[in-house]
Amino acid sequence: MNKDLEMKEVKKPKKASKIRILVDLLFFILMILVLVPQSTGIPIHEWASFIIIIPFFIHVIINWNWITVNSQKFFKKETIKTRFDYILNWFLYLLMITVTVSGIVISEAALPAFGIHFVPDAFWSTIHNLSATLFMVVLGIHITLHWKWILGAFSKLKLKTDLHNLIGIGAIIKTYSRDLIFLISISTVLSFAVWLLNFTDWADSFRVESIKENNVEQNSRASWMMYVLPLVKVTVLIGIPALISGGIIRLKKKLVK
């Protein structure tokens with residue numbers, strides 16, 4: 001069975017690689033917009049947060065064979081790097097679920113546009129900020145682990161002439177339609193599980209603390225800092241973990257030699 005799955009992965013069309021890099025590029029651009037709400041404004045931040053779910057799911061489906069193969073091989077013979085990458089990817093997925101759910105609950109622009117209003121909640125605001133911060137750190141490590149592939153794919157990418165490859169997304173969705181339904185179902189269940197945190201004593205403790213902090217006034221910053229500082233934060237939180245994990249990988253290679 002493993003052999004069949006591995007062969008299926010090897011026989012992927014070459015266009016799949018270009019589709020993947022284009023989807024990942026779109027995801028990364030949207031992610032930057034999502035991670036700097038102070039710079040883009042809340043409406044753009046929230047709408048981009050909804051749109052980014054599409055390339056995120058497509059990214060997962062494109063890599064579904066890898067997920068399936070390594071899920072079966074996880075407790076068998078597997079390299080430490082692959083096992084670590086597998087766990088990291090699942091953690092990244094769970095963080096994505098948490099960021100999305102918490103973002104929906106504290107929506108100030110997108111959902112109110114449809115007449116759906118939520119009461120501001122300190123617990124979900126804290127969870128949203130914390131999970132988004134962790135997401136940036138883990139994303140930096142994830143990028144490092146796949147840096148060689150990213151550089152290779154970008155070197156072969158010709159944006160103007162390769163955009164037509166995105167048409168192939170339809171074929172990928174059709175091929176993995178059952179897996180996509182499974183992924184959406186699992187994501188829905190996990191989203192509901194995250195939302196249930198709303199009724200815990202832990203959540204109430206955050207709300208009590210927020211009452212005390214509401215009276216503290218924040219000093220206003222210069223307008224240019226409001227735009228620049230979020231970008232600096234994203235760069236640092238993604239860049240530093242990426243550099244550290246990259247250094248560890250290079251050091252390990254030297255020690256092995």
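All values below were derived from every heavy atom in this structure, side-chain atoms included, with hydrogens, water molecules and symmetry-related copies excluded. As the structure is a computational prediction, the values presented were derived from the model and not from experiment. Heads up: numbering here begins at 1 and tracks the sequence.
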Testing the basics here: between [X] and [Y], what is the closest heavy-atom pair and its distance to 0.1 Å?
X: F123; Y: A203; result: CD1-CA, 3.4 Å
X: A109; Y: P43; result: CB-CA, 3.8 Å
X: S102; Y: H128; result: OG-ND1, 3.0 Å
X: V236; Y: P241; result: O-CD, 3.6 Å
X: A113; Y: W47; result: CB-CZ2, 4.4 Å

Practice problem: Please name all residues satisfying side chain to side chain contact (heavy atoms under 4.5 Å, CB included) with F84, sequence neighbours left out, ordered by chain then number. | Solution: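 Only L88, I141, L145 meet the side chain to side chain contact (heavy atoms under 4.5 Å, CB included) criterion with F84.
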Quiz item: Are W124 and F118 near enough that their ring centres are under 6.0 Å apart?
Solution: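 So the answer is no for these two rings.
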What distance do [X] atom [atom1] and [Y] atom [atom2] have between them, rounded to the nearest 0.5 Å?
X: S49; Y: L30; atom1: OG; atom2: CG; value: 9.0 Å
X: I21; Y: F154; atom1: CD1; atom2: CZ; value: 4.5 Å
X: F91; Y: H142; atom1: CZ; atom2: NE2; value: 14.0 Å
X: I54; Y: H59; atom1: CD1; atom2: NE2; value: 15.5 Å
X: S177; Y: I172; atom1: OG; atom2: CD1; value: 13.0 Å

Quiz item: Charged N to carboxylate O under 4.0 angstrom, K81 versus D85?
Solution: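 Not counted as a salt bridge, because no side-chain N and carboxylate O are separated by less than 4.0 Å.
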Practice problem: Evaluate whether atom OH of Y93 has more than 12 neighbouring non-hydrogen atoms of other residues, nucleotides or ligands under 6.0 angstrom away. | Solution: yes
Quiz prompt | Atom CH2 of W147: over 12 foreign heavy atoms under 6.0 Å | solution =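 Incorrect, the count does not exceed 12.
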Practice problem: Identify the residue among V34, L33, L35 that makes a side-chain contact (heavy atoms from CB on, under 4.5 Å) with T40. | Solution: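 Single side-chain contact (heavy atoms from CB on, under 4.5 Å) partner of T40 among V34, L33, L35: L33.
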If two hydrophobic side chains count as joined below 4.5 Å and joins carry through other members, does [X] share a cluster with [Y]?
X: F27; Y: V234; answer: yes
X: L25; Y: F57; answer: yes
X: V23; Y: L151; answer: yes

Quiz prompt | Side chains of Y176 and I62 in contact at under 4.5 Å (non-hydrogen atoms) | solution =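 SC-SC contact between Y176 and I62 ruled out.
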Donor-acceptor contact present, side-chain [X] to main-chain [Y], <3.5 Å:
X: N70; Y: W66; value: yes
X: E46; Y: E108; value: yes
X: R83; Y: F74; value: yes
X: N165; Y: D162; value: yes

Quiz item: Does a donor on one side chain sit under 3.5 Å from an acceptor on the other, for T144 and S245?
Solution: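 There is such a pair between these side chains.
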